[in-house]
Amino acid sequence: MTIALCDANNFYASCERVFRPDLADHPIVILSNNDGCIVARSAEAKALSIGMGVPVFKARDIIQQHNVAVFSSNYSLYGAMSQRLMSILESFIPYVEVYSIDEAFLDLTNLYAGSSSAILYGQQIRVTLAQYCGLPMSIGIAPTKTLAKLANHYAKQHPEYNGVYEVQPGQETMLLKAMPLGEVWGVGRQLSHKLQAMGLSTAYDLACIPPKEIRKRFNVLLERTVRELNGEPCIELIHQAPDKQQIICSRSFSKRVFSLEDLQEAISSYTSRAAEKLRSQRSTAKTIMIFIRTSPFDRQGQYRRSVFIPLPYPTMDSRLLVQNALKGLKAIYQPGFAYAKAGVMLCDLSDSRLVQHDFFSTQYDSTSALQLMNTVDAINHQFTNGLFLASNGIQQAWRMSRTQLSPNYLSNWNQIKRVQVK
Ligand SMILES: [Mg+2]
């Protein structure tokens, strides 16, 4: 097999830079929800030793000193860029597994039957991406997914390969010895500690342990990893992402929330958002879970509660979902607490096209309800803040604060990039 892992470099920062060419070569950082911590950095910001996950106030001095550009996270922009990125990859080859917002595995196996070079092809992909959507990309090519991941990391570390590194026969040992355990796909921090305690430190050390012994001491997943490190493909490409089994929408508030009314607005908005996602994968939900909680960092009283609410029938109707979510909220709300976060989870999902009607129950989403929801979705697809339930509220004082948000260049006509021609 020949697998390529394509991974955009510093994706969030690169997306912001596409629309801000004045920030080329300039350090950029992106903040988490509510502008709390630094969650992404451009290469220049990394070079200033600005740490990942650091609260922004701790980096304030470096930010001012070096005039670092600071952005709130703009997920609608990153999502829109991701879609473009993936469709460009798919225009090269149909065998694409979208692995994350900025990563995809490509199966190049049948493309190079004995001829031509995969590296050249990789370079073509990089050039096209840079030209069509302005995103820099690194590509690692290897006989297995796990090795392709490592090769990608190697390409990022070694600029002399110009963004594309292919593991050539005979180079495997060199690559594995250069990679710490923590870089191996599927080896998280905990597992990495356990392996270190056994005296291992590099991917090479792990690859040298007989797979059967690994299975005995750990599990079959790590055994697969070891086999893959040795060039034996065990993890197939998944061409289509499976539908989600649960849909979650939860967020921290910009400030503490006390009243039932504010919580109702938040729960109603989160439920509406989750219901939209539910319909986009054409599923129905049979149960809804909601939670509210105070902040563990607050000194005052602590309170956290969640509740599962069974729905009368599997539904994708926002109105029914919100109505039940609010019923659940009323049941768990306690006045007198400073709430910091709330969330909604839709569960018991099934494919709406395969709904089994219960012999005794005649209830399911009516045709008119489905038509209404489709219409609402179609309108909201075209217009931001098009149609929403009044229970979502209009002021939304609790809403996440994102003071450094860049415009939604790609999804809002009013925020489209203006270019001045002199
Ligand atoms: Mg990346």
Side-chain angles (χ1 to χ4, degrees), residues 33 75 79 97-101 221 238-253 260 263-293 303-334 339-378 380-381 387-393 398 400:
N33 288 343
Y75 289 112
E97 174 188 340
V98 177
Y99 181 66
S100 73
I101 192 163
L221 295 176
I238 305 160
H239 295 308
Q240 212 191 351
D243 282 343
K244 292 207 174 68
Q245 294 305 302
Q246 287 141 6
I247 293 174
I248 300 171
C249 183
S250 77
R251 256 152 230 170
S252 300
F253 305 130
L260 179 62
L263 283 175
Q264 280 170 334
E265 285 186 6
I267 289 288
S268 173
S269 304
Y270 299 167
T271 307
S272 306
R273 178 75 197 107
E276 241 171 63
K277 288 193 209 166
L278 180 75
R279 292 192 292 272
S280 75
Q281 71 168 40
R282 298 215 217 167
S283 297
T284 56
K286 186 80 203 301
T287 307
I288 183 167
M289 187 277 273
I290 66 154
F291 75 85
I292 48 176
R293 69 164 174 77
Y303 181 76
R304 55 168 64 215
R305 271 295 287 281
S306 61
V307 61
F308 283 86
I309 309 122
L311 299 161
Y313 50 88
T315 181
M316 51 167 78
D317 187 336
S318 294
R319 297 166 301 173
L320 187 63
L321 289 163
V322 168
Q323 192 189 339
N324 280 279
L326 293 180
K327 226 190 277 170
L329 174 64
K330 245 189 185 147
I332 60 172
Y333 172 75
Q334 286 288 338
Y339 293 98
K341 190 170 185 176
V344 170
M345 181 167 78
L346 304 180
C347 18
D348 268 345
L349 306 190
S350 42
D351 190 324
S352 66
R353 291 157 292 188
L354 310 170
V355 173
Q356 277 219 351
H357 295 307
D358 191 304
F359 184 76
F360 300 102
S361 130
T362 51
Q363 287 190 297
Y364 38 87
D365 285 333
S366 65
T367 315
S368 65
L370 293 177
Q371 276 171 349
L372 177 66
M373 289 300 126
N374 281 337
T375 310
V376 168
D377 289 341
N380 287 341
H381 195 72
L387 289 177
F388 55 91
L389 294 171
S391 52
N392 293 6
W398 43 270
M400 196 162 75

What pairs with Tyr303 under ring-ring contact (aromatic ring centres under 6.0 Å, His included), at least two apart in sequence or on another chain?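 Here the qualifying residues are Phe337.
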Under the ring-ring contact (aromatic ring centres under 6.0 Å, His included) rule, collect the residues that match up with Phe291, sequence neighbours excluded.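 None.
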Which atom of [X] lies closest to which atom of [Y], heavy atoms considered:
| X | Y | value |
| --- | --- | --- |
| Met316 | Leu278 | CA-CD2, 3.8 Å |
| Ala325 | Ile309 | CA-CD1, 4.4 Å |
| Pro312 | Asn324 | CD-ND2, 4.2 Å |
| Ala369 | Arg319 | CB-NH2, 3.5 Å |

If you round to the nearest 0.5 Å, how far is [atom2] of [Y] from [atom1] of [X]?
| X | Y | atom1 | atom2 | answer |
| --- | --- | --- | --- | --- |
| Asp365 | Asp317 | CG | CG | 5.5 Å |
| Met373 | Thr375 | CE | OG1 | 9.0 Å |
| Ile267 | Cys249 | CD1 | SG | 9.5 Å |
| Ile332 | Ile292 | CD1 | CD1 | 4.0 Å |
| Gln246 | Met289 | CD | CE | 8.5 Å |
| Leu349 | Thr287 | CG | OG1 | 9.0 Å |

Going by the rule salt bridge (charged side-chain N to carboxylate O under 4.0 Å, His left out), which residues pair with Asp348 if we only count those two or more places apart in sequence or in a different chain?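 If we apply the salt bridge (charged side-chain N to carboxylate O under 4.0 Å, His left out) test to Asp348, skipping adjacent residues, there are no hits.
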Sequence neighbours excluded - salt bridge (charged side-chain N to carboxylate O under 4.0 Å, His left out) pairs with any residue from residues 279-291: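 Salt bridge (charged side-chain N to carboxylate O under 4.0 Å, His left out) check on residues 279-291 returns Arg279-Asp377.
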My understanding is that only residues two or more places apart in sequence, or in another chain, count here; which of them pass side-chain hydrogen bond (donor to acceptor under 3.5 Å, both in side chains) with [X]?
| X | value |
| --- | --- |
| Glu276 | Arg273 |
| Arg304 | none |
| Tyr270 | none |

Would you please name every residue forming a side-chain contact (heavy atoms from CB on, under 4.5 Å) with [X], sequence neighbours left out?
| X | answer |
| --- | --- |
| Ser368 | Ser366 |
| Leu387 | Val376, Ile379, Asn380 |
| Ser391 | Ser268, Val322, Leu326, Leu389 |
| Ser269 | Asn392, Gln396, Trp398 |

Identify the residue among Val307, Leu263, Leu260 that makes a side-chain contact (heavy atoms from CB on, under 4.5 Å) with Lys330.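 The passing option is Leu260.
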Tell me whether Lys277 at atom NZ has more than 12 heavy atoms from other residues, nucleotides or ligands lying less than 6.0 Å away.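 Yes.
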Mind checking whether Thr284 and Thr315 have side chains closer than 4.5 Å, heavy atoms only?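 Answer no - side chains too far apart.
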Decide side chain to side chain contact (heavy atoms under 4.5 Å, CB included) for Leu321 and Val344; before the verdict, give the C-alpha distance in whole Å, the side-chain angles of both, and the deciding distance to 0.1 Å. CA-CA 10 Å; Leu321 289 163; Val344 170; over 6 Å; no
